[in-house]
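For reference, the structure discussed in these notes is given below.
Naming: A, B, ... by sequence-line order, numbering from 1 per chain.
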Amino acid sequence: MSYVIPKETCSGKVLSPDFGKGSKAVKIGGENALPFHSFDGAIPNKPVIAYEIQDIFPDDWPDTVKNQFSSVSDNAVKWAEYCQNELKAQAIALRLSGTHPDRGDRSPQDAAKTVKDVLAAIEVPLIILGSNHMEKDAAVLVAASEAASGYNCIIGKAQEGNYKTIVAAALAHNHKLIAMSELDINLAKQLNILITQMGFDKERLLTDPMCSALGYGIEYTYSVMERIRLAALMQNDATMQPPILGDVGMYVWKVKETVATEAEMSEWGAVAERGITWEAVTATSMLIAGANLLIMRHPKAVETVNKVVEELV
Amino acid sequence: MALSGVEIFKLLPKTNCKKCGFPTCLAFAMALAQGKVELAKCPDVSEESKKLLGAASAPPIRMFPLGTGDKAAKVGGENVLFRHDKKFINPSVFAINIKDTLSNDELTKKVEEVITSEIDRVGQKLRVDAISIEFASGNAQQYESAVKLISEKAPNTIIILNCKDASAADAAVKIVAARKPLLYCATEENAEAMANIAKTHKVPLGVYADGLAALSSLTEKIKGIGVEDLVIDSGAKNAKGILELNTQVRRSALKKSFKPLGYPIINFVLREDPVLEACIASVAVAKYGSIVVLNSIEKWKNLALFTIRQNIYTDPQVPMQVEQKVYKIGEATENSPLLITTNFSLTYFIVAGEVENSKVPTWLAIMDCEGLSVLTAWAAGKFTAGKIAQFIKESGVENQVKNKELIIPGMVAILSGSVEDKLEGWKVTVGPREANAIPTFLKTRSA
């Protein structure tokens, strides 16, 4: 018996939106093969990692990651510049956490000003995220979309309960859009359909099937992503072909494994390395499952995952 | 290639004698095709048919144990490419590579790290399973003494004899043969000698060749010598090689029934940077590595690797469960609040995590609902007022808290009245619908 490489060609292809503008714009997706299966097909674009920053001081981040930004995190503009210039970020994700009613309740106008200031300070593409408060996000993301008009940002996240106004804003100001559903391939598909039925081009969409941290449901996210990819490629399901987002950092940097000190959990070893590894392994697993864009926090985790990506392509 | 029921039927005696317990040979053949019964149940099947059916019914990826005793681990036996299709069966074995050039003190220290690596997570005991002892000294005596020392200090750990020198390997195998070590490895240069050692001592054999074509012909050759418990190494070292070649091996075995690659895979990750090593190892775990060999096993790295292995190898059809009991979070006292939820592991992790984030010491009652989440358990009649009341009474928690107040998940607010009716003397409070609102909820109450 002689060996023949068992290649599989796919009928479908992942869509490939770009975001940002000018020479720093980036493109994701576009592959017609499973993640990193370059022996099966073409993988034209590498996955991209965006650094997460916030509009308020990240007092809810554990020290391991908070201390990395202690000189800049009191100000979103300084923080964004630091990520771009010092950390060589390919993209930045600005989370407007301060607009959450429990986190300062900043107004949509305030948020819009932060967006404008950050955009004026950086050249790399920007992802603009709400605070994950269904009603407030609808108002905040509308104002943010307008403030970012012409910058070709990614806006998010549109969910079943608030997508209409956010889709309309992204449409009006020519942004890309994240459609987020909760760990269910059918819900992801349904939301993509609802959004495209509003006249929003599917080539401008990203799917966020909801991330989970290692140890906290990552197997669900992993399998949902894998199934979305298989549907897009093998069944050529056009509604499942937008690239996938993994919003890694916010799920990782709150679980006990990234927070508990070595004094509290001696059998878990050093807290800083543990947290970094937690984020890096979570992110790597998401890439293997099919994520095209990751949002992460710790510089050392980002650096390591970038090395993994270099090895994988 | 798996045979259909009709193809199997043709090879049976067709006497309908019923000795197998089935009414007809055809019914027996159908059951055989589905793997529900063993061929041995038919007393009259010919030797020739046995051979044909035996080969056809062999699993696409060979499965066998490494090591002996309660820390032995099975490798191989996998049936799917994607974990959502069906459970990945035998979790990856993690091994640390130790060179025989280390001093006795250093060897002892490394072994100690392996022995103390065991961690309990969601009721499973997880550990570094194996030690790969590398023949780096080039000196057979030194190798033998390292193998002796490590096998004495780690009497239950799986041993991998990482040695391509046949005479050094032969001497080392003799020391640990009874423990079913993995002999690693046969190459194009030493295949016959190594295969003969493995055959003589009845131990599994690693097979290394550069690329899958060379590997396929080498496994065939070794099988011809009479060794069938093989572990294969394609030479893949970096993430791309591991992902691509492991995928090709698994696809060949499952979709093409290509026997020469129907064996479990060993991946040597071996990186200086432990965080990078953890990431590459997690690629190997997700992508079909049955044995993953590491350079270092720091506690924090082990925790991440054990967890990704546990997550990837979870049965997608059976929810993970945690033990039913009242958990103490923080320094909870008799004045602390009492929350209740179900024993779906994710529910537990997320709720317990948010309670910890709140920094408010709390009692968290976890009720056995067969691993269902709150709403599902309620809909399935497992998280009902009667059952909640019974659990609270039997748990004895009323002796732990002064205020007889039970906080139930907001998702089942509808239950508050009926729980109160069934739990005499208790007040029932409706908590948040979503776990992320728990910190605010608890902080507001305790303020």
Output the option from [options] having the highest count of non-hydrogen pairs under 4.5 Å with chain A.
options: B/V275, B/N311, B/L346; answer: B/N311
options: B/R271, B/K301, B/E354; answer: B/R271
options: B/A304, B/P274, B/G241; answer: B/A304
options: B/S117, B/C279, B/A278; answer: B/C279
options: B/A352, B/S217, B/A286; answer: B/A286
options: B/G353, B/A214, B/A213, B/A281; answer: B/A213

Taking the side chain as every heavy atom from C-beta outward, state whether [X] and [Y] have any atom pair closer than 4.5 Å.
X: B/L254; Y: B/I61; answer: yes
X: B/F306; Y: B/V128; answer: yes
X: B/F344; Y: B/Q321; answer: no

Closest-packed option against chain B by number of heavy-atom pairs under 4.5 Å, given [options]:
options: A/E273, A/E311, A/R274; result: A/E311
options: A/T277, A/T284, A/L214, A/V308; result: A/L214
options: A/V305, A/L230, A/I5; result: A/L230
options: A/E310, A/K307, A/H37; result: A/H37
options: A/E257, A/E262, A/E303; result: A/E257
options: A/K300, A/R227, A/E219, A/E226; result: A/E219

Hey, are [X] and [Y] close enough for a salt bridge, meaning a charged N less than 4.0 Å from a carboxylate O?
X: B/E188; Y: B/K221; result: no
X: B/K255; Y: A/E8; result: yes
X: A/R95; Y: A/D247; result: yes
X: B/R83; Y: B/D315; result: no
X: A/D40; Y: B/R251; result: yes
X: A/E279; Y: A/R297; result: no
X: A/K66; Y: A/D60; result: no

So what's closer than 4.5 Å to chain A heavy atoms on [X]: side chain, backbone, both or neither?
X: B/L303; result: both
X: B/E298; result: neither
X: B/I119; result: side chain
X: B/T314; result: side chain
X: B/N436; result: neither
X: B/R309; result: neither
X: B/I242; result: neither
X: B/E118; result: neither

Query raised in the report: Are B/L243 and A/I288 close enough, and set up right, to give a side-chain contact (heavy atoms from CB on, under 4.5 Å), and what steps lead you there?
Result: CA-CA 9 Å; B/L243 183 141; A/I288 296 299; 3.6 Å; yes
Under the salt bridge (charged side-chain N to carboxylate O under 4.0 Å, His left out) rule, collect the residues that match up with B/K299, sequence neighbours excluded.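 B/K299 satisfies salt bridge (charged side-chain N to carboxylate O under 4.0 Å, His left out) with no other residue.
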Could you check whether B/T347 and B/S373, counting side-chain N and O atoms only, form a donor-acceptor pair closer than 3.5 Å?
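Not at all, the side chains of B/S373 and B/T347 share no donor-acceptor pair under 3.5 Å.
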Chain B contact via [X] - side chain, backbone, both or neither, heavy atoms under 4.5 Å:
X: A/V313; answer: backbone
X: A/N132; answer: neither
X: A/L287; answer: neither
X: A/S38; answer: both
X: A/Y216; answer: both
X: A/V281; answer: both

Query raised in the report: Where does the angle between the aromatic ring planes of B/F258 and A/Y3 fall among parallel (under 30°), tilted (30 to 60°) and perpendicular (over 60°)?
Result: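 The rings of B/F258 and A/Y3 sit tilted, inter-plane angle from 30° to 60°.
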If the test is side chain to side chain contact (heavy atoms under 4.5 Å, CB included), which one of A/D137, A/I295, A/L96, A/V140 qualifies with A/L129?
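Answer to the side chain to side chain contact (heavy atoms under 4.5 Å, CB included) test with A/L129 among A/D137, A/I295, A/L96, A/V140: A/I295.
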